[in-house]
Amino acid sequence: MSILVVNCGHWIGYHVVNDLLANDFQVEGIAISPETEDLLLFFGRNSSFTQIDKPKGKQYDACIIVGAFHTTYNINAKKMFIIQHEEANRATESEVTFIRTPFLFGEWMPMDEDGCYRNNEYIRFDSDWFKQHAIYIQDFTKVLIQCVQSTKHPREMDIKLMDCRDTDKGTDVIKQELIEKKIEQVRKHYKLNRHLYS
């Protein structure tokens, strides 16, 4: 399957691309923001990944867009997934699924050793809010890859923390397990790579 990831240099886009490559997809990526392109070096030498400036009329099996995306060129994809969308009125001939997620956290996000940022608000890892609302990025990307491979594509999908799964109604759920271990893993990553965080 050929996948286009738009905003692949964003920390969420990085994890999306990384997990697609780990599952043997052919991935092309567009990095929107030049200051985030450092993350592309981690998979830039993978023969299944190609960074491009814009699609050149190629048809993709799927396109994944991280965040808001404004463009003057068309993307030709059989299905499209827009994560953390801000606008739901984009015209396209693709099957589009708008994915709303709770707060995602993971390696390379804006953070320090004790917490992270959500819309410029600092949230501590040990806060009740964080433990009740945050989903580890790789738990989310597993669900996303299942959606990409599925034949069912609702117009909108809400990702929630729950104990069951119901994709037919446009809701996908993730059971958050071992969040303390995941927080510790992210903290360890930060300590090892502190010099690379801006």
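Source: prediction; values computed, not measured.
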side-chain contact (heavy atoms from CB on, under 4.5 Å) evaluation trace for N46 with V27
CA-CA 10 Å; N46 187 314; V27 182; over 6 Å; no

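No donor-acceptor pair closer than 3.5 Å links the side chain of S2 to the backbone N or O of Y60. Y197 places no side-chain N or O within 3.5 Å of a backbone atom of M111 that could act as its donor or acceptor partner. Distance alone, capped at 3.5 Å, places no donor-acceptor pair between the K191 side chain and the E113 backbone. With N7 contributing its side chain and V66 its backbone, the two residues share a donor-acceptor pair below 3.5 Å. Remark: the backbone N or O of Y14 is not paired with any side-chain donor or acceptor of N18 at under 3.5 angstrom.
Two residues are said to be in side-chain contact when any heavy atoms from C-beta on lie closer than 4.5 Å; K79 and T97 fail this criterion. Annotation: side chain of I83 is in contact with side chain of L144 (closest heavy-atom distance under 4.5 Å).
When the side chains of ILVMFWY residues are joined at heavy-atom separations under 4.5 Å, either directly or via intervening members, V186 and L192 end up in two distinct hydrophobic clusters.
Taking the six-membered ring where tryptophan is involved, the planes of F103 and F130 are perpendicular, since the angle between them exceeds 60° and thus also 30°.
With rounding to the nearest 0.5 Å, the separation of CH2 in W11 from CZ in F105 is 8.5 Å.
A salt bridge (Lys or Arg N to Asp or Glu O under 4.0 Å) check over residues 60-69, counting only residues at least two apart or in different chains, returns the pairs D61-K78.
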